[in-house]
2 protein chains.
Amino acid sequence: MILQRSSVKPLPARPALRSAPRSTAAALVYDRLRSQILSLAIPPGAALSENELAKSFGVSRTPVREALLRLADEMLVEIVPKSGTTVSRIPYSQLPEAIAIRKVLEELAVRTACERASKSQLTNIWMQVERQREADHAGDIDAFHEADEAFHAAIADAAGYPSIWQLVKQVKLQVDRYRRLTLPETGRMARVIEEHAAVIAAIEKGDAARAMTAMRGHLEGLEHSLPNIRNLNPDYFVEDVGEFARPTTMNGK
Amino acid sequence: MILQRSSVKPLPARPALRSAPRSTAAALVYDRLRSQILSLAIPPGAALSENELAKSFGVSRTPVREALLRLADEMLVEIVPKSGTTVSRIPYSQLPEAIAIRKVLEELAVRTACERASKSQLTNIWMQVERQREADHAGDIDAFHEADEAFHAAIADAAGYPSIWQLVKQVKLQVDRYRRLTLPETGRMARVIEEHAAVIAAIEKGDAARAMTAMRGHLEGLEHSLPNIRNLNPDYFVEDVGEFARPTTMNGK
DNA sequence: CTGGCATATCTTGTATACAAGATATCTGTG
DNA sequence: CACAGATATCTTGTATACAAGATATGCCAG
């Protein structure tokens, strides 16, 4: 039982063991599948067979099934009881909702961080912006993305509301998959860095209104990128997703 | 693993499939366990054994394990790899965070509902208030609670953001367990009904500011009830929960 | 060639056996 | 009696076999 007070994460400069073996087989299968789904390496609508996955991972169906059940809870796969399992299609109509939710959550984070952030926490946030600058210079998209997420997580930490970032991660999943379909926009990294810097600068001054506006504007950049493509791969999307709330596994309660 | 070996509810030999004819055994076990955990019938800190649960439910370990894994994702149980599984203690220090998050989510819901609610949706919301009035008169606490939740869900529906309620349900779990420990406050139902009526009235008028204020005030009632007891059963709580985000199952990521 | 029914073969759900770490107990030794 | 070590017995993690529904296939009648 480890009980550890966490104010600031060490955050290794290096992704460390990215493809390292996780503790359990189920965790490994979960990580790999989730990563491939989010990167669209496995496209929306693709069929997944527990037997095939078990063979390809060299494990039995048990850990594969465990991973799939968890992915179903995250709405990343859909399990039809005695029929089959597929990678969820992207619910296009729900993306604005996800962004709206993310906005209020992150506004709460910056607002509260304005009141409660310690100096070391502010430093940590700035550090993530610096990491992004370096990644931009190096042209390392993956490192940029990682530092981007660390930035938002650090703000939630500074607010003393770390679970805000847990919720945001959960909510942004489908949006992330959508954005993978759009072409990388040139100069985006530099713009994001500017916006991030504006947010943390306002937090540092304790200017809640300004910080919230900056964060809102930053996230509205996501909204503007929505009505972009989607006609390229219409079968990657589902127009109207029925009674949401994991209609596939168990009962939604 | 110290902790009481407290037996899991006897659960009649005849599982009363009539009242809970869930499709799969795993779903049934999940529902029953979850209900008993939230009602504190199984107290925080109680040990859970997959074998014992399997015997008491008359099924094998497989569906029991599936249910426990899902409950672990919801932070309702904690699984220590080769050691044991316990009902999660209530993270007292995280309750204000949960309430703060819920506030901004529901403020988003009422604000958006002011713009988008249809007449039938408004009627639906009023209907839930009416159900609460009836439950109050009948003194039916369970029915009141159910209508209470339906009220908040209906607002999210009216906003066109139904997943807001899904998130709120997820966030309020630990607060709900906490409130089960406090004595039922006389006159609370009537007060809640008043507050609900004020919210829907403001939504109906399209007065977003007023609706948000009403909802905020309503939810602040939760906050005021926090520093109540907690000394009665100090072993039901955990002061500082380390690296949040399901530290028990798999890796957070 | 077309339609319909039986069947073969998929799928997921469940039960059971085994593996291996963690913990408690008991035993032997000083 | 105190303490250390072996061991018995817990725990969860995984593999495998079987059950049963869903789907595809193919065969046969018209």
Side-chain angles (χ1 to χ4, degrees), chain A residues 1-3 21-33 42 45-73 75-88 246-251, chain B residues 1-8 15 17 20-33 42 45-73 75-88 246-251:
Chain A
M1 267 306 175
I2 47 165
L3 289 178
R22 298 300 195 260
S23 47
T24 71
L28 182 138
V29 173
Y30 169 78
D31 280 347
R32 300 283 276 249
L33 272 182
I42 309 180
L48 300 176
S49 160
E50 293 181 3
N51 276 312
E52 285 183 20
L53 290 172
K55 268 193 297 183
S56 97
F57 279 103
V59 297
S60 77
R61 268 185 60 205
T62 307
V64 170
R65 181 174 173 76
E66 188 174 314
L68 287 177
L69 285 170
R70 192 163 162 191
L71 290 170
D73 279 347
M75 310 279 296
L76 288 179
V77 307
E78 290 179 15
I79 303 176
V80 181
K82 294 288 179 64
S83 172
T85 301
T86 63
V87 175
S88 298
R246 50 167 161 275
T248 63
T249 61
M250 302 189 168
N251 38 13
Chain B
M1 273 287 161
I2 28 185
L3 315 189
Q4 30 184 329
R5 159 97 290 166
S6 109
S7 61
V8 152
L17 272 173
R22 297 302 193 253
S23 46
T24 71
L28 182 139
V29 173
Y30 169 79
D31 280 348
R32 301 284 277 244
L33 272 182
I42 308 180
L48 300 176
S49 160
E50 293 182 1
N51 276 312
E52 286 184 20
L53 290 171
K55 269 193 298 183
S56 101
F57 278 104
V59 298
S60 78
R61 269 186 59 206
T62 307
V64 170
R65 179 174 174 77
E66 186 174 316
L68 287 178
L69 286 169
R70 192 162 160 192
L71 290 170
D73 280 346
M75 309 279 295
L76 288 179
V77 307
E78 290 180 15
I79 303 176
V80 181
K82 293 288 177 63
S83 173
T85 301
T86 64
V87 175
S88 298
R246 46 170 163 272
T248 63
T249 61
M250 303 188 168
N251 40 12

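Residue numbers start from 1 in every chain, and the chains themselves are labelled A, B, ... in the order their sequence lines are given, proteins ahead of strands.
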Could you tell me the separation between the [atom1] atom of [X] and the [atom2] atom of [Y], rounded to the nearest 0.5 Å?
| X | Y | atom1 | atom2 | answer |
| --- | --- | --- | --- | --- |
| B:L71 | B:T85 | CG | OG1 | 10.5 Å |
| B:L69 | A:L69 | CG | CG | 8.5 Å |
| A:L76 | A:T86 | CG | OG1 | 11.5 Å |
| A:K55 | A:S49 | NZ | OG | 8.0 Å |
| A:N51 | A:S56 | CG | OG | 11.5 Å |

Would you say the side chain of B:L28 lies within less than 4.5 Å of the side chain of B:V59, judging by non-hydrogen atoms?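 A side-chain contact is absent here, since even the closest heavy-atom pair is not under 4.5 Å.
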Is there a side-chain contact between B:L53 and B:L33 (heavy atoms, below 4.5 Å)?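 They are in side-chain contact.
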Please report the distance, rounded to the nearest Å, between [atom1] in [X] and [atom2] in [N].
| X | N | atom1 | atom2 | value |
| --- | --- | --- | --- | --- |
| A:R70 | D:dG13 | CZ | P | 12 Å |
| A:L53 | D:dA15 | CG | C1' | 16 Å |
| A:L69 | C:dG13 | CG | C1' | 10 Å |
| B:F57 | C:dA15 | CZ | P | 13 Å |
| B:L28 | C:dG13 | CG | C1' | 14 Å |

Please check the phosphate of D:dA15 (OP1 and OP2 only) for any side-chain N or O of A:S60 closer than 4.0 Å.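 Answer yes for this pair, as a side-chain N or O of A:S60 is under 4.0 Å from OP1 or OP2.
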Table of protein N/O atoms under 3.5 Å from nucleotides 8-12 of chain C N/O atoms:
unit_1	atom_1	unit_2	atom_2	d
C:dT11	OP1	A:S49	OG	3.2
C:dT12	OP1	A:L48	O	3.4
C:dT12	OP1	A:T85	OG1	3.0
C:dT12	OP2	A:E50	N	3.3
C:dT12	O4'	A:P81	O	3.0
C:dT12	O3'	A:P81	O	2.5

Hey, what bend do you get for the helix from C:dC1-D:dG30 to C:dG30-D:dC1 if you fit axes on five pairs at each end, rounded to 10°?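 The end-segment axes of the helix from C:dC1-D:dG30 to C:dG30-D:dC1 are tilted 20° relative to each other.
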Tell me every residue that passes salt bridge (Lys or Arg N to Asp or Glu O under 4.0 Å) with B:R65, counting only those two or more places apart in sequence or in another chain. A:E66, B:E50
